[in-house]
Amino acid sequence: MAFDGIFVSALVAELSDKLIGGRIYKIYQPEVDEICLVVKNRSEEGNTTHRLVISADAGIPLIYLTEKVKENPMVAPNFCMLLRKHIGNGRITDIRQHGFDRIVEISLEHLDDMGDLCTKKIIVEIMGKHSNIIFVDSDGVIIDSIKHISHMVSSVREVLPGRDYVYPVSGDKVNPLDVDVNYFMNHIMTKPESVAKAIYTSMVGISPVAANEICHRAGIDGGMSTAGIGNVSMSTGIDHNPNTIAISMSQKEDLFREFDRIRLDIEDKVYVSCIAYNSYEPKEFGAIALTSYGNAVDGDMPQPGVNGLKIFDSPSAVIEEYYSKKTVVNRIKQRSIDLRKIVANAIDRTAKKYDLQLRQLKDTEKRDKYKIYGELITAYGYGVKQGDKELVCENYYTNQEITIPLDPDISPMDNSKKYFAKYNKLKRTYEALTELTVESKSELDYLMSVQNSLEIADSLDDLAQIKTELIESGYVRGKKDKGKGKKQEKSKPLHYISSDGYHIFVGKNNYQNEELTFKVAAGDDMWFHAKNMPGSHVIVKTEGEIELPDKTYEEAARLAAYYSAGKGSPKVEIDYTLRRNLKKPPKAKPGFVIYHTNYSMNIDPDIYGIREYE
């Protein structure tokens with residue numbers, strides 16, 4: 001993740017601006033490794049209240065301001081009670097970052113039991129599984145910490161009450177704010193590693209994301225070697241070939257120029273708090289514009305399916321949205337694992353069955369040959385002698401000579417009966433398989449449509465509706481709802497507004513597709529769907545208009561392409577027709593329709609700029 005020194009620097013600037021001079025009004029510990037400080041401060045705008053969340057969770061260590069209130073436990077943990085005793089009503093005097101590392105020091109002053117002024121520090125270490133919240137006195141002695149680290153856990157650094165606080169070792173990394181052009185060229189750009197790795201392994205607080213952003217801005221591939229181009233180990237980032245051509249001095253100068261611009265922005269406290277989105281999923285965040293992920297969209301989220309940046313007013317707002325969105329995405333993926341596995345297994349099983357049926361059906365193509373053999377043996381069998389292994393005669397269907405293999409141990413009539421028996425068997429097999437292959441293909445198409453529904457599900461309600469559908473279809477065990485029309489899941493179709501003001505609806509699963517097509521859509525509304533592949537039904541409400549504007553046609557087609565299995569293709573063929581031209585075959589699966597009158601267009605699955613209805 002990009003919770004690096006740059007982002008911590010931006011957070012410290014925000015916290016300093018809002019919290020310094022404020023008094024700690026309340027202290028909570030809602031989680032075992034998380035505390036919340038309620039700070040009241042005076043400003044030109046009047047009295048303000050801020051909630052500072054500090055988490056040392058090994059998975060998601062954080063420090064940020066929020067307006068959300070977490071439920072407070074009935075009994076305060078010991079660490080929380082200790083903080084209340086020492087710094088309750090204390091005043092925040094300073095907030096700073098230690099050495100551009102992921103360490104935040106919050107300095108406080110308070111009155112002790114004797115009324116004397118005392119100083120303390122809360123030191124927050126945002127370092128993955130080694131994260132901690134440490135409370136120290138004015139002499140740097142640890143009073144307590146939210147996590148105790150003994151010599152049994154770490155032989156390098158103990159974190160226990162009574163021990164002197166020691167900063168984590170940063171190795172031979174240097175502070176990027178102290179790096180000049182000579183150090184950059186002579187120390188960083190001489191490492192036998194990829195360019196990006198040389199940058200982030202040489203300086204404190206520079207993450208791989210930030211290093212790659214510097215390379216991107218300089219127009220250089222971060223995987224290139226500082227010593228040579230195109231021969232860098234993907235696992236280690238080290239160039240093993242001494243004979244490769246070194247990157248040019250001008251490229252190194254471009255790298256330093258972009259690095260120096262970022263460095264100067266940090267010194268001037270000029271930050272761009274942003275989240276890089278891909279579709280609805282947040283990919284990375286940072287305090288510099290991550291231009292390698294796309295263009296910035298100030299005040300609005302990039303459209304689904306587009307790489308882009310959403311710009312925020314503060315790093316705290318970034319943290320809050322990033323992890324709330326990430327949590328939703330991860331929760332949906334986690335909750336859908338079982339459904340995805342069931343559907344994937346069913347697809348694999350049905351595909352194998354369908355392939356076997358197609359091979360068997362191909363074998364039945366010999367049936368007419370055996371019928372002709374039987375007829376010709378009956379017609380010309382008088383000339384066959386006992387023991388003959390073949391019959392050479394004229395095929396009166398084609399007027400060409402034909403050679404028919406014979407079983408010498410049986411009579412010509414028995415050979416004829418044998419061929420007719422093979423014909424009848426293959427004929428029965430053909431008739432049965434013709435029906436079975438249609439059923440298997442229909443089942444396979446249905447399962448792939450469910451798989452596509454799982455891919456575009458963006459809420460737990462969507463998953464609940466898909467699960468209900470799988471229960472109804474018999475793929476998942478559960479109690480069936482006898483009144484299908486009475487199901488009232490909260491999940492609803494996606495709703496967009498075209499550039500020309502027409503309402504466009506997109507089904508997210510087969511139940512929604514069915515409802516949109518046969519209940520929501522009128523006969524004169526337009527229907528769009530990706531050709532010969534699983535995808536959403538897209539309905540454009542024409543409101544009685546005879547002809548839609550071209551732009552609306554294109555936008556509806558782009559939505560149908562994006563919400564289909566062809567989403568990753570450069571172009572997708574889309575069928576579109578009037579709703580009245582659609583029919584649902586008897587006993588067909590939900591969302592299955594047939595049509596014979598339609599138009600088609602090839603369109604890119606890019607829905608950037610299509611506005612969602614609010």
Side-chain angles (χ1 to χ4, degrees), residues 1-14 61-64 97-104 126-128 170-181 183-185 187-189 191 193-224 226 232 237 251-278 282-296 307-312 314-316 318-319 322-323 326:
M1 71 175 186
F3 208 119
D4 56 9
I6 300 175
F7 197 82
V8 171
S9 175
L11 272 170
V12 167
E14 178 191 15
L62 300 170
I63 177 170
Y64 66 102
Q97 178 184 18
H98 173 73
F100 210 72
D101 209 341
R102 292 167 295 168
I103 301 173
V104 179
I126 309 295
M127 296 183 172
S170 59
D172 58 353
K173 292 185 178 182
V174 298
N175 189 329
L177 302 182
D178 299 331
V179 172
D180 58 15
V181 63
Y183 189 90
F184 189 88
M185 295 296 183
H187 291 82
I188 297 176
M189 287 294 103
K191 284 190 171 183
E193 297 174 335
S194 65
V195 174
K197 188 173 182 180
I199 292 173
Y200 70 75
T201 58
S202 300
M203 293 180 279
V204 176
I206 301 295
S207 65
V209 172
N212 281 312
E213 175 62 24
I214 294 169
C215 295
H216 174 76
R217 294 186 184 188
I220 296 172
D221 183 356
M224 291 170 56
T226 55
V232 181
Q251 288 176 312
K252 293 181 180 181
E253 290 172 352
D254 290 340
L255 278 170
F256 177 76
R257 187 180 303 110
E258 296 303 329
F259 161 75
D260 198 44
R261 285 174 180 170
I262 292 175
R263 182 182 65 81
L264 291 174
D265 283 344
I266 295 170
E267 288 183 347
D268 296 336
K269 294 182 170 49
V270 177
Y271 303 102
V272 180
S273 301
C274 61
I275 297 178
Y277 273 94
N278 181 13
K283 290 295 184 182
E284 291 290 352
F285 65 89
I288 58 174
L290 302 176
T291 60
S292 58
Y293 287 88
N295 297 323
N307 289 338
L309 305 181
K310 181 178 178 181
I311 308 301
F312 293 80
S314 70
S316 289
V318 166
I319 292 294
Y322 179 86
Y323 284 104
K326 198 74 172 177

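The structure displayed is predicted, hence computed values, not measured ones. We number each residue from 1, following the sequence as shown.
- Between H187 and Y183, the angle of the ring planes stays under 30°, which puts this pair in the parallel group of the 30/60° scheme.
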H216/E258 under side chain to side chain contact (heavy atoms under 4.5 Å, CB included): CA gap, chis, key distance, verdict: CA-CA 9 Å; H216 174 76; E258 296 303 329; over 6 Å; no

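- Summarising the geometry of R102 relative to D4, their closest heavy-atom pair is CG-C, 4.0 Å, with the distance given to 0.1 Å.
- The shortest non-hydrogen separation linking V318 to S273 is CG2-CB, 3.6 Å.
- Once rounded to the nearest 0.5 Å, the distance linking SG of C274 with CD1 of I288 reads 8.0 Å.
- Of all heavy-atom pairs between P208 and Y200, the closest is CA-CD2, 3.6 Å.
- Salt bridge annotation for R257-D260: absent, with no cationic side-chain nitrogen under 4.0 angstrom from a carboxylate oxygen.
- Annotation: the span from D101 atom CG to M127 atom CE amounts to 4.0 Å, rounded to 0.5 Å.
- No side-chain heavy atom of Y64 sits under 4.5 Å from any side-chain heavy atom of S314.
- Between T226 and V195, some side-chain heavy-atom pair lies under the 4.5 Å cut-off.
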Residue pair I188, M203: steps toward the side chain to side chain contact (heavy atoms under 4.5 Å, CB included) verdict: CA-CA 9 Å; I188 297 176; M203 293 180 279; 4.0 Å; yes

Full working for side chain to side chain contact (heavy atoms under 4.5 Å, CB included) between S316 and L11: CA-CA 7 Å; S316 289; L11 272 170; 3.8 Å; yes

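- Formation of a donor-acceptor pair under 3.5 Å by the E213 side chain with backbone atoms of T291 is found in this model.
- Here CE of M189 is found 5.5 Å from CG of L255. Values are rounded to the nearest 0.5 Å.
- Residues L264 and I266 fail the side-chain proximity criterion, which asks for heavy atoms closer than 4.5 Å.
- Closest of all the heavy-atom pairs between A198 and K191 is CB-CB, 4.2 Å.
- Remark: F100 CZ to I206 CD1 distance equals 5.5 Å, nearest 0.5 Å.
- Contact between G222 and S194 at its shortest, heavy atoms only, is O-CB, 3.6 Å.
- One side chain, Y271 or S9, offers a donor N or O that lies under 3.5 Å from an acceptor on the other.
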V179/S202 under side chain to side chain contact (heavy atoms under 4.5 Å, CB included): CA gap, chis, key distance, verdict: CA-CA 10 Å; V179 172; S202 300; over 6 Å; no

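- Rounding to the nearest 0.5 Å places OH of Y293 at 4.0 Å from CD of E284.
- Taking CZ from R261 and CZ from R217, the interatomic distance works out to 9.0 Å, rounded to the nearest 0.5 Å.
- Considering every non-hydrogen atom in both Q97 and G5, the closest pair reads NE2-O, 3.0 Å.
- Between F285 and F3, the ring-plane angle classifies as perpendicular under the 30° and 60° cut-offs.
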